[in-house]
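Reviewing the structure listed below.
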There are 2 protein chains.
Amino acid sequence: MANELKNDTYSEEYQRILPVVNRHSRLPLHQQIYDLLRSKILNSAWAVGEMLPTELELMVEFGVSRVTMRQVFERLVSEGLIYRQQGRGTFIAKPTLEQGLTRIISFTEDMRRRGLIPETNVLAAEITPAADEVADALKIKPGDNVAFIKRLRIANAEPMCIEESHLPYKLCPGILKFDFASQPLREVLEKRYAIRIVRALQKTHAVVTTTKTAKLLGVPHPSALLFIERVSFNEWDLPVEFLCLYFRGDRYTLHNELRD
Amino acid sequence: MANELKNDTYSEEYQRILPVVNRHSRLPLHQQIYDLLRSKILNSAWAVGEMLPTELELMVEFGVSRVTMRQVFERLVSEGLIYRQQGRGTFIAKPTLEQGLTRIISFTEDMRRRGLIPETNVLAAEITPAADEVADALKIKPGDNVAFIKRLRIANAEPMCIEESHLPYKLCPGILKFDFASQPLREVLEKRYAIRIVRALQKTHAVVTTTKTAKLLGVPHPSALLFIERVSFNEWDLPVEFLCLYFRGDRYTLHNELRD
DNA sequence: TAGTGGTCTAGACCACAAA
DNA sequence: TTGTGGTCTAGACCACTAA
C-alpha cells in the first residue's frame, strides 16, 4: 500500500508480500489472520469509520473459507475493534471506552487517547529485598531481590499518577541500566528479556493521600486517590510485575462500558 | 419436534418440554440456545467445575449443526461462564472477577459473590425536578420529573454503599409505590414497565467523604470513597437510569482481569 | 437489483485426554 | 482405543442497504 508503484496491471499482486498465511504453521489460520488484521488496525492501516474489505475479498486474499474469515471478524467485533452492518459492510470502530479496563494499555497510550501529553520522571530505581506483600504477589520468597522503579507520571505538565513497579530481579538482571523516563518498561521487558505480559489481575481502591503522596502529586492533603494494584503475568502465567498506581482522584477517571 | 406426544417408549421426549428451540422464531437458533444455556448456568443448573453435555449431545438435543452449537459455546467462553479443555469436555467456570466491571450485576449479586450478606435501607423515594447534571445524563429537560430513590446498601450488617437512582418519571409512572428494600429495581423495571437495561456507561472516581456521607456509611471523616456514576440504556439506547454509587474505600474493591 | 453481512448445514480431519 | 474439543471446508438461503 505504501511504495511499489509499478506500471503494469499486476501491481495489486506485488503489494501482497507479507499478508499470506502459512498453512503449515502450528498456528491456526484464524489466529494468523486475526493477528495480522488486528495489528493493521492498531497501526491505523484504516481510518476510523473506514470500510474494511468484504468477507469475500478477504476469503480470496487469504485463501480461506467464509466460516474461518467470519471467525476472525467475530473476534474483532467482540473486542470492539470493528463493527459490522448488515447490507453495508465492516468498519473500523472508534477506539474508545472499555479499554483501559479490559485491555492492558500503557500510561502513555492512555493519556494520548485522552488527548493529553504524557511525561515521566523517574523518582527511584533500585534493587531491594522483597517485602512480604510484594513477595506474595510475585510468588517469590520475602527478601528475594526485586527491581523497584518509581515514576511520577505527568499529563499536560501536571502530575497525574505515582507508579511503583516491582519486578523479580532474577527475571530481568541489569534492568536498572535502562532509562525509564524515555523507554516504556513493557518494551524493555519484551525486547531485552523476552518477557511478554499477556494477562493481569488488578484491584481498584479509593484511598486518602499521605502527606508525601499529596506533595508529589501537588494536591491538597487530605484528598482522594484512585489506587490500583496490578499483578501482570507472562504467557506461562508466571507473575512478572507487581504494580502500584496512585492516580489523582480529582483528575483521573476510569471509563467503561457494561453489558447485560 | 415440539409437541407430538405419542404413547410409546419415547419418555425422554416427554421430559423435554421447554428446552426445545423454535425454528420459526425471529430469533436465531444460536441466540435461543445461548439464552437457554446462559440462564441455566446462572441458575446453577450445574455446579462449578461440573461438566456440561458434549457438543454432540447438545446438537442432538437441540437439533442443530455442530457449527451452531460451537457458536453458542464460544460466546459463553468469551463471557467467562464456561471453559473448555480439548479431549476432556466443557465445564462451568468459577464465577469470578471481571464481572462487575464488564457485566451489569446488582449490588445483591455482587455481595453474594463476595460471600457477604446484603441488606438494603431506603433513605428516600420521591419525585423531583431534574437537576442539570441529571437531565444531561438522562437526555431529558432540566426540571422534568425524575423518580429519585436513595438507598443505603449494607453487607454483613455494615454499611457499604450509598446508591442514588434517578429515573425519568415518564418512563415509569407510579414506580415509587414499590418497596425497593426488598425488590430489585431492575426487576420492577423489567416486569412492571417492560424496561430492560442492556448496556451502561460508567465512570469511576475517587472522592473524599462529606460529613453527611461519612456519617451514613459509618466511616471517619475525611476518608476516601469509590464514586461510580452510571448511565444505563435500554435496547433502543434510550437512557433509563442515572445512578450514583458511593462505596466505602476501606471495604470495597473492584477486581478485574486485563488482557493484552 | 447487486452486494453486503447473518444464519445454518453436513462432513472431514486433527490434537489431546483418559481408560 | 474412544471420546472430547479444535480447525476447516463448500455451499445454501435469508435480510438488509443502497443504487
Side-chain angles (χ1 to χ4, degrees), chain A residues 19-38 41 46 49-93 235-236, chain B residues 1-2 19-38 41 46 49-93 235-236:
Chain A
V20 180
V21 293
N22 175 6
R23 298 191 86 88
H24 302 96
S25 161
R26 70 208 188 305
L27 285 174
L29 294 178
H30 68 82
Q31 179 72 46
Q32 296 181 48
I33 298 172
Y34 164 82
D35 288 343
L36 211 137
L37 287 183
R38 175 167 190 262
I41 292 169
W46 297 279
E50 191 177 343
M51 186 177 160
L52 269 67
T54 65
E55 288 180 355
L56 183 61
E57 287 169 332
L58 290 174
M59 284 166 62
V60 172
E61 166 154 1
F62 295 119
V64 299
S65 72
R66 181 146 180 234
V67 177
T68 302
M69 207 51 239
R70 282 184 64 80
Q71 196 175 358
V72 173
F73 275 136
E74 271 154 27
R75 191 160 161 201
L76 292 168
V77 166
S78 81
E79 291 174 356
L81 289 172
I82 62 174
Y83 61 92
R84 318 191 76 189
Q85 288 182 16
Q86 198 174 29
R88 298 226 310 134
T90 303
F91 307 88
I92 299 291
E235 55 264 63
W236 301 288
Chain B
M1 188 171 248
V20 180
V21 293
N22 175 7
R23 298 190 86 89
H24 302 97
S25 162
R26 70 205 188 307
L27 285 174
L29 294 178
H30 68 83
Q31 178 73 45
Q32 296 181 46
I33 298 172
Y34 164 82
D35 288 343
L36 211 137
L37 288 184
R38 176 167 189 260
I41 292 169
W46 296 278
E50 191 178 344
M51 187 177 160
L52 270 67
T54 65
E55 289 180 354
L56 183 61
E57 288 169 332
L58 291 174
M59 283 166 62
V60 172
E61 165 153 4
F62 294 120
V64 298
S65 72
R66 181 146 179 235
V67 177
T68 302
M69 207 51 239
R70 282 184 65 80
Q71 194 174 358
V72 173
F73 275 136
E74 271 153 28
R75 191 160 161 201
L76 292 168
V77 166
S78 81
E79 291 174 356
L81 289 172
I82 62 174
Y83 61 93
R84 317 191 77 190
Q85 288 182 16
Q86 198 174 29
R88 297 227 308 135
T90 303
F91 306 88
I92 300 291
E235 56 264 63
W236 301 289

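Chain naming here is simple, since letters A, B, ... match the order of the sequence lines and numbering starts at 1 in each. Everything numeric in this text was worked out from a predicted model, so none of it was measured.
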Euclidean distance, atom [atom1] of residue [X] to atom [atom2] of [N] [Å, nearest integer]:
{"X": "A/R88", "N": "C/dT4", "atom1": "CZ", "atom2": "P", "value": "13 Å"}
{"X": "B/H24", "N": "D/dC14", "atom1": "NE2", "atom2": "C1'", "value": "14 Å"}
{"X": "A/F73", "N": "C/dT4", "atom1": "CZ", "atom2": "P", "value": "11 Å"}

Q) Ignoring hydrogens and geometry, is there a side-chain-to-backbone donor-acceptor pair from A/Q32 to A/N22 under 3.5 Å? A)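 Between the backbone of A/N22 and the side chain of A/Q32 there is a qualifying donor-acceptor contact (under 3.5 Å).
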Q) Considering only heavy atoms from C-beta outward, does the side chain of B/R70 approach that of A/Q71 to under 4.5 Å? A)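 B/R70 vs A/Q71: side chains apart.
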Q) Any side-chain heavy atom of A/T90 sitting closer than 4.5 Å to one from A/T54? A)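 They are not in contact (no side-chain heavy atoms under 4.5 Å apart), so the answer is no.
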Q.
Tell me which one of A/L36, A/L37, A/L29 satisfies side-chain contact (heavy atoms from CB on, under 4.5 Å) with A/V72.
A.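 The passing option is A/L37.
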Q. Can you name the side-chain contact (heavy atoms from CB on, under 4.5 Å) partners of A/Q31, sequence neighbours left out?
A.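 Applying side-chain contact (heavy atoms from CB on, under 4.5 Å) to A/Q31 gives A/L27, A/P28, A/Y34, A/D35, A/R75.
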**Q.** Annotated protein contacts, base or backbone, on nucleotides 6-13 of chain C with a non-hydrogen cut-off under 4.0 Å, one of B, S, - each
**A.** BBSBB-B-
